[in-house]
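Note sheet for the following structure.
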Amino acid sequence: MKKWKSTLYLAVVLVLALSLCACGGTQSAADTTDDSTAGTESNSGAADDAGGTEDAGGTEDAQVDSGESYVLKFSANDPADSTYDKLVVQILQQKLEEKSNGRLTLEIYYSSSLAKQGECLGGIRDGTVDMGVDIPVMYPGEFPYTELYGTPGINLGDVREMTYTLQEYMKAYPETGMEDFVTICRFSSGSFGLLTADKPVTKVSDIDGLSVRASSQLMPWYEAMGASATFIPMGDLYESLKLSVIEGAHTTVGGTYAFGLQEVTNYFTPLTMANGDQIIAMSRELYDSMPADLQAVIDEVCSEMIDVAIDYVFTTEEETMNNIFDSNPDFQFVELEDKQGFIDAALPTLEAKAQELNDAGLDGSGALAWLLEHTAD
């Protein structure tokens, strides 16, 4: 009889314990903060520590233990319901939520309302942003190997080739300072090229004497090929091209259509030796504070987001090209015939940039040689 009573007592205790665990393990970050901190501290901090630190193993749809929940403040440059939002940000959010059983969610701040482009990485460092989108080359002097990669004149191929080359380059030449971040995704953000009004550009000689709009980073490259380069804000390009203030503009396929530039131009020449490097990053300090199973979820999502981003670029550019043709049936996408001429024109600038890295105690010459060895066919 005593043995039966002991067994019954243990069973009751076990049932009560399991019930308490089940109730405590499903609370969100907001549920575990008091009224004075709700909606602020919970955005980047953990909920009550209820365990759940086992490694998820990096497998698809990893099952994680119940425990801390995180609502991450995410800074997006694009507006809500934009193509970027639907094909990149929302997919990232969905993957994090599903693979963490709802313990990782994003609170998304659209249209740079949390941090401006060129300031997001700084916000991640100081804790005002948990995760977000930014452009590393917009931090002059901070990421020197990125600046070398971003210097025009190295043919790294299309968006897919550029993106995968970038992954290997950053492993071979890791940036000091990037250790502050976990890279969720880093990729070439689109096809850059030269938009012209009256004549197609297929070789270097076609640029000689051309007046071109370009950013400060690109001006020396165009001037080395005989162009007259100047900077004009995107919002002023339409009138500048229409009135023949300039004859061409360095921009993207997306930028062409977004500002209606196909209405006052007829040709776009993709320049695969000029790329755009975009990063989605999160706080390393926050990542390190998370239990191992949630870190495994983030690692798994990181491995999947590269192809998501590449697919986004290809999908949006195909749609944009179709829209451009609908708007201007005479518009042409021109194939470049003289890639080597563009590369040769850039070598002095590339070598000067590599020397800057050497002078700073980095391996600029080695990094430049690596990039030149990985040029696309």
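Predicted, not measured: the structure shown is a model, and the values here were computed from it.
When only modelled atom types and interatomic distance are considered, D85 and Q90 share a side-chain donor-acceptor pair under 3.5 Å. A donor and an acceptor atom, one from each side chain of T105 and Q93, are nowhere located under 3.5 Å apart. Q355 and D359 share a side-chain donor-acceptor pair at under 3.5 Å. Donor-acceptor pairing under 3.5 Å is recorded for the side chains of D134 and Y139. For the residue pair Y287 and D299, a side-chain donor N or O sits within less than 3.5 Å of a side-chain acceptor on the partner. Side chains of Q340 and D344: a donor-acceptor N/O pair is present below 3.5 angstrom, by distance only. Side chains of E247 and S211: a donor-acceptor N/O pair is present below 3.5 angstrom, by distance only. A donor and an acceptor atom, one from each side chain of T272 and N155, are located under 3.5 Å apart. Between the side chains of Q94 and E98, a donor-acceptor pair is found at a separation under 3.5 Å. Under 3.5 Å, the side chains of Q262 and S327 contain a donor-acceptor pair of N or O atoms. Residues N358 and S365 have side chains that bring a donor and an acceptor to within less than 3.5 angstrom of each other. At a cut-off of 3.5 Å, with distance as the only test, no side-chain donor of R284 or T183 sits close to an acceptor on the other residue.
M290 contributes atom CE, which lies 4.0 Å from atom CE of M282 (distance to the nearest 0.5 angstrom). Rounding to the nearest 0.5 Å places CG of D126 at 11.5 Å from CG of D180. With rounding to the nearest 0.5 Å, the separation of OG1 in T151 from CG in N275 is 9.5 Å. Taking OH from Y222 and CZ from R213, the interatomic distance works out to 10.0 Å, rounded to the nearest 0.5 Å. To the nearest 0.5 angstrom, I306 atom CD1 is 7.0 Å from I310 atom CD1.
Considering only heavy atoms from C-beta on, I135 comes within 4.5 Å of Q117 through its side chain. When side chains are defined from C-beta on, L114 counts as touching K73, because their heavy atoms get closer than 4.5 Å. Using a 4.5 Å heavy-atom threshold, the side chains of V88 and T83 count as separate. Residues V137 and D277 fail the side-chain proximity criterion, which asks for heavy atoms closer than 4.5 Å. Side-chain atoms of I154 and T375, non-hydrogen and from C-beta on, do get closer than 4.5 Å to each other. Side-chain contact between F342 and L336 is present, with at least one heavy-atom pair separated by less than 4.5 Å. The shortest distance between side-chain heavy atoms of R103 and P291 falls below 4.5 Å. Side-chain contact between P144 and L148 is absent, with no heavy atoms from C-beta onward closer than 4.5 Å.
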Show, in sequence, the C-alpha distance, side-chain angles and deciding distance for D130 and S283, and conclude whether the side-chain hydrogen bond (donor to acceptor under 3.5 Å, both in side chains) test is met. CA-CA 6 Å; D130 297 322; S283 164; over 6 Å; no
Working for side-chain hydrogen bond (donor to acceptor under 3.5 Å, both in side chains), residues E319 and N323: CA-CA 6 Å; E319 292 177 354; N323 290 334; over 6 Å; no
Please lay out, stage by stage, how E168 and K171 fare under the test salt bridge (charged side-chain N to carboxylate O under 4.0 Å, His left out). CA-CA 5 Å; E168 296 305 314; K171 291 176 184 176; 3.6 Å; yes
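Using modelled atom types, no side-chain atom of T320 and backbone atom of V253 make a donor-acceptor pair closer than 3.5 Å. Checking side-chain atoms of S113 against main-chain N and O of Y110 turns up a donor-acceptor pair under 3.5 Å. A distance-only check finds a donor-acceptor pair linking the side chain of E175 to the backbone of T146 [under 3.5 Å]. Of the possible donor and acceptor atoms, none in the side chain of Q295 sits under 3.5 Å from a partner among the backbone N and O of D293. The backbone N or O of V201 lies less than 3.5 Å from a partner atom in the side chain of T269, making a donor-acceptor pair. Under the 3.5 Å distance criterion, the side-chain polar atoms of E317 are matched with a main-chain donor or acceptor of S191. A donor-acceptor contact shorter than 3.5 Å is absent between the side chain of S244 and the backbone of S240. With hydrogens and angles disregarded, no donor-acceptor distance shorter than 3.5 Å links the side chain of K99 to the backbone of E300. At least one donor-acceptor pair closer than 3.5 Å links the side chain of S100 to the backbone N or O of L104. For N328 (side chain) and I324 (main-chain N/O), no donor-acceptor pair under 3.5 Å exists by modelled atom type.
Connection of V204 to L210 is established within a shared hydrophobic cluster, with ILVMFWY side chains joined at heavy-atom distances below 4.5 Å, either directly or through further cluster members. Clustering ILVMFWY residues whenever any of their side-chain heavy atoms sit less than 4.5 angstrom apart, transitively, puts I298 in the very cluster that holds F187. Grouping the Ile, Leu, Val, Met, Phe, Trp and Tyr side chains by contacts below 4.5 angstrom, directly or via other members, places L166 apart from V182. By the rule that hydrophobic residues join a cluster once side-chain heavy atoms approach within less than 4.5 Å of another member, M131 and V297 end up as members of one cluster. Linking ILVMFWY residues whenever their side-chain heavy atoms come closer than 4.5 Å, directly or via other members, places M305 and Y164 in the same cluster.
Counting non-hydrogen atoms of neighbouring residues, nucleotides and ligands closer than 6.0 angstrom, the CD atom of E239 exceeds 12 such neighbours. Counting non-hydrogen atoms of other residues, nucleotides and ligands closer than 6.0 Å to NZ of K242 gives a total of 12 or fewer. In E335, the CD atom is not crowded: 12 or fewer heavy atoms of neighbouring residues, nucleotides or ligands sit closer than 6.0 Å. The number of heavy atoms from other shown groups lying within 6.0 Å of CD (E318) does not exceed 12.
For Y145, the ring-ring contact (aromatic ring centres under 6.0 Å, His included) test picks out Y173, with sequence neighbours left out.
If you look at H374 and Y169, their ring centroids are not closer than 6.0 Å. For F325 and F333, the ring centers are positioned less than 6.0 Å apart. Note: F74 and Y109 fail the aromatic proximity criterion, with ring centroids not under 6.0 Å apart.
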